[in-house]
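Notes for the one structure printed next.
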Amino acid sequence: MKALVLAGGSGTRLRPFSYSMPKQLIPIANTPVLVHVLENIRDLGVTDIGVIVGHRGPEIDAALGDGSRFGVKLTYISQDAPRGLAHTVAVARDFLGDDDFVMYLGDNVLPEGVAATAEEFTARRPAAQIVVHKVTDPRQFGVAELGPDGEVLRLVEKPREPRSDMAMVGVYFFTSAIHRAVDSIEPSARGELEITDAIQWLLASGADVRATQYGGYWKDAGNVEDVLDCNRYLLDRLAPSVEGDVDDLSELLGAVVVEAGARVTRSRIEGPVIIGAGSVVEDSHIGPHTSIGRGCLVSDSAVENSIALDEASVSGVKGLRSSLIGRSASVGTSEQGVDRYRLVVGDHTRVEVTA
């Protein structure tokens with residue numbers, strides 16, 4: 001089996017960060033979303049992975065390389081513009097050949113993995129096997145109507161009156177039958193080749209299409225709120241580890257990771273928290289569910305439920321909460337007594353807050 005990872009989206013909902021970096025490289029618990037995806041695929045025993053990239057392909061290549069450090073082999077496949085999920089299958093036709101494959105959206109976070117679906121697909125080999133998740137408002141998703149044995153009866157994109165609460169998660173397993181389906185469909189009203197239409201074509205042709213329900217945590221890390229929510233969830237699974245320097249005047253509580261080369265002085269850290277390699281935290285209080293990237297400086301500040309990307313600095317801010325601070329960004333204060341800020345600060349930006 002091979003894998004096809006889709007990493008060509010523009011990430012408009014994650015601006016301003018997606019102006020300066022691909023959204024799939026946004027770090028969750030100090031690890032890019034795309035790396036979490038690759039690790040999930042590797043855990044299925046699949047190591048030959050094609051990565052669909054757009055104009056940000058060189059940045060993704062620079063971050064992931066050939067994939068060897070993650071235990072996989074990566075082949076980068078260029079898509080000239082976002083033309084639909086089914087179009088990525090057509091673009092990757094030479095790479096995929098006639099092999100079975102798993103298609104995985106590169107901004108989906110599924111920490112519990114999809115091993116159960118992979119096992120069912122391998123055992124039964126339907127033409128397609130989709131992953132579904134029960135949601136409260138199916139109108140926002142592609143919805144699968146299922147039979148009693150998990151067979152898919154119909155797929156409907158964002159139905160006004162849903163007949164099912166099973167939303168399609170961005171993971172699909174296919175045999176080579178999908179190629180004929182992709183070749184047979186026409187672009188949708190928005191001008192894209194939709195994978196939903198290709199799977200529906202398989203159904204109409206009498207092919208076996210099945211679904212497996214995923215009951216774990218699932219997020220499309222497509223906006224700041226979802227990125228912070230994913231960060232909280234993954235940090236809650238954190239195992240404590242201290243490889244950096246922590247002085248005697250500092251206190252670590254709960255699951256705290258201090259990476260090699262990081263330094264904590266005169267500070268209180270309440271886990272779950274990650275302090276990235278080479279970062280300095282001094283005279284500060286880092287509250288739960290915070291990820292501090294590599295090479296950061298946090299001084300005389302209080303931060304919680306936040307993410308600071310690599311080489312960011314926060315100084316003199318006493319109540320930074322639920323914030324996302326970009327790479328090499330700087331946040332400081334011009335007055336004392338600042339309390340409770342929620343900030344979204346793009347890369348290489350300086351922000352000065354006042355009381």
Side-chain angles (χ1 to χ4, degrees), residues 1-14 18 22-25 33-34 37-38 41 46 48-61 64 74-108 114 121 126-132 140-144 152 154-158 167-205 207 209 211 220-222:
M1 184 184 291
K2 292 179 179 177
L4 188 64
V5 174
L6 278 51
S10 58
T12 55
R13 292 180 296 151
L14 262 175
S18 55
K23 66 172 181 175
Q24 298 85 3
L25 296 182
V33 175
L34 202 47
V37 169
L38 296 181
I41 293 171
V46 178
D48 197 0
I49 302 174
V51 182
I52 298 289
V53 295
H55 70 284
R56 310 297 286 270
E59 295 169 75
I60 293 175
D61 188 349
L64 304 181
L74 299 182
T75 299
Y76 296 97
I77 303 165
S78 181
Q79 185 184 30
D80 61 350
R83 302 182 188 277
L85 302 190
H87 182 258
T88 67
V89 176
V91 168
R93 184 71 176 88
D94 289 343
F95 167 77
L96 295 169
D98 291 326
D99 292 322
D100 296 348
F101 67 98
V102 54
M103 185 168 78
Y104 207 124
L105 302 192
D107 56 3
N108 268 219
V114 291
F121 173 76
Q129 182 111 19
I130 63 175
V131 182
V132 296
Q140 304 301 313
F141 303 93
V143 173
V152 177
R154 189 167 72 126
L155 301 175
V156 184
E157 188 67 28
K158 297 181 179 177
M168 288 187 288
V169 174
V171 181
Y172 313 79
F173 290 80
F174 295 116
T175 68
S176 60
I178 192 63
H179 298 299
R180 184 180 174 196
V182 169
D183 290 342
S184 301
I185 63 174
E186 298 292 334
S188 65
R190 61 178 182 166
E192 297 188 357
L193 289 177
E194 310 285 359
I195 199 66
T196 303
D197 291 344
I199 300 172
Q200 190 65 46
W201 187 93
L202 289 172
L203 284 170
S205 301
V209 177
D220 163 8

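Counting from 1, the numbers follow the sequence of the chain as shown.
Taking all atoms of both residues into account, the shortest heavy-atom contact from Gly106 to Val33 is O-CG1, 3.5 Å. The two residues Ala7 and Leu34 make their nearest non-hydrogen contact at CB-CD2, 4.1 Å. Counting all heavy atoms, side chain and backbone alike, Ile130 lies closest to Ala144 at CD1-CB, 3.8 Å. Scanning all heavy atoms of the two residues, the minimum distance from Ala92 to Ile52 falls at CB-CD1, 4.3 Å. Across every non-hydrogen atom of Ser78 and Val91, the tightest pair is O-CG1, 3.4 Å. Considering all non-hydrogen atoms of both residues, Pro126 and Thr175 come closest at O-CG2, 3.2 Å.
Remark: side-chain polar atoms of Asp107 are not paired, donor with acceptor, to backbone N or O of Gln24 under 3.5 angstrom. Ser205 places no side-chain N or O within 3.5 Å of a backbone atom of Ala207 that could act as its donor or acceptor partner. With hydrogens and angles disregarded, a donor-acceptor distance shorter than 3.5 Å links the side chain of Gln200 to the backbone of Leu155.
Residues that satisfy the side-chain contact (heavy atoms from CB on, under 4.5 Å) test with Tyr76, not counting sequence neighbours, are Val51, Val53, Ile60, Asp61, Leu64, Leu74.
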Let's go through Phe101 and Val46 carefully: what are the C-alpha distance in whole Å and the side-chain angles of both, what is the deciding distance for side-chain contact (heavy atoms from CB on, under 4.5 Å) to 0.1 Å, and is it a yes or a no?
CA-CA 9 Å; Phe101 67 98; Val46 178; over 6 Å; no
Might you work through the side-chain contact (heavy atoms from CB on, under 4.5 Å) test for Leu96 and Phe174, ending with a clear yes or no?
CA-CA 11 Å; Leu96 295 169; Phe174 295 116; over 6 Å; no
Check the pair Met1, Phe121 against side-chain contact (heavy atoms from CB on, under 4.5 Å), reporting the backbone distance first and the verdict last.
CA-CA 11 Å; Met1 184 184 291; Phe121 173 76; 3.5 Å; yes
Report the C-alpha distance between Leu202 and Ile178 in whole Å, list the side-chain angles of each, state the deciding distance to 0.1 Å, and finish with yes or no for side-chain contact (heavy atoms from CB on, under 4.5 Å).
CA-CA 8 Å; Leu202 289 172; Ile178 192 63; 3.9 Å; yes
Set out, in order, the CA-CA distance, both residues' side-chain angles and the distance that settles side-chain hydrogen bond (donor to acceptor under 3.5 Å, both in side chains) for Gln79 and His87, then state yes or no.
CA-CA 9 Å; Gln79 185 184 30; His87 182 258; 2.9 Å; yes
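To the nearest 0.5 Å, atoms CG (Leu105) and OG1 (Thr88) are separated by 8.5 Å. Of the inter-residue distances, the one linking Lys158 atom NZ with Thr196 atom OG1 reads 10.5 Å to the nearest 0.5 angstrom. The line from NE2 of His179 to CG of Asp98 is 6.5 Å long, rounded to the nearest 0.5 Å. Rounding to the nearest 0.5 angstrom, the gap separating the CG atom in Asp100 from the OG atom in Ser176 is 7.0 Å. Between the CD1 atom in Ile185 and the CD1 atom in Ile195 there is a gap of 7.0 Å [rounded to 0.5 Å]. In this structure, Met103 CE and Ile41 CD1 are separated by 11.5 Å, a value rounded to the nearest 0.5 Å.
Heavy-atom neighbours of Arg93 CZ from other residues, nucleotides or ligands within 6.0 Å: above the threshold of 12. Shown here is Asp80, whose CG atom has more than 12 heavy atoms of other residues, nucleotides or ligands within 6.0 Å.
Using a 4.5 Å heavy-atom cutoff, the side chains of Leu193 and Pro187 are in contact.
Relative to the six-membered ring of Phe95, Lys2 meets both conditions, a distance below 6.0 Å and an angle of at most 45° to the axis.
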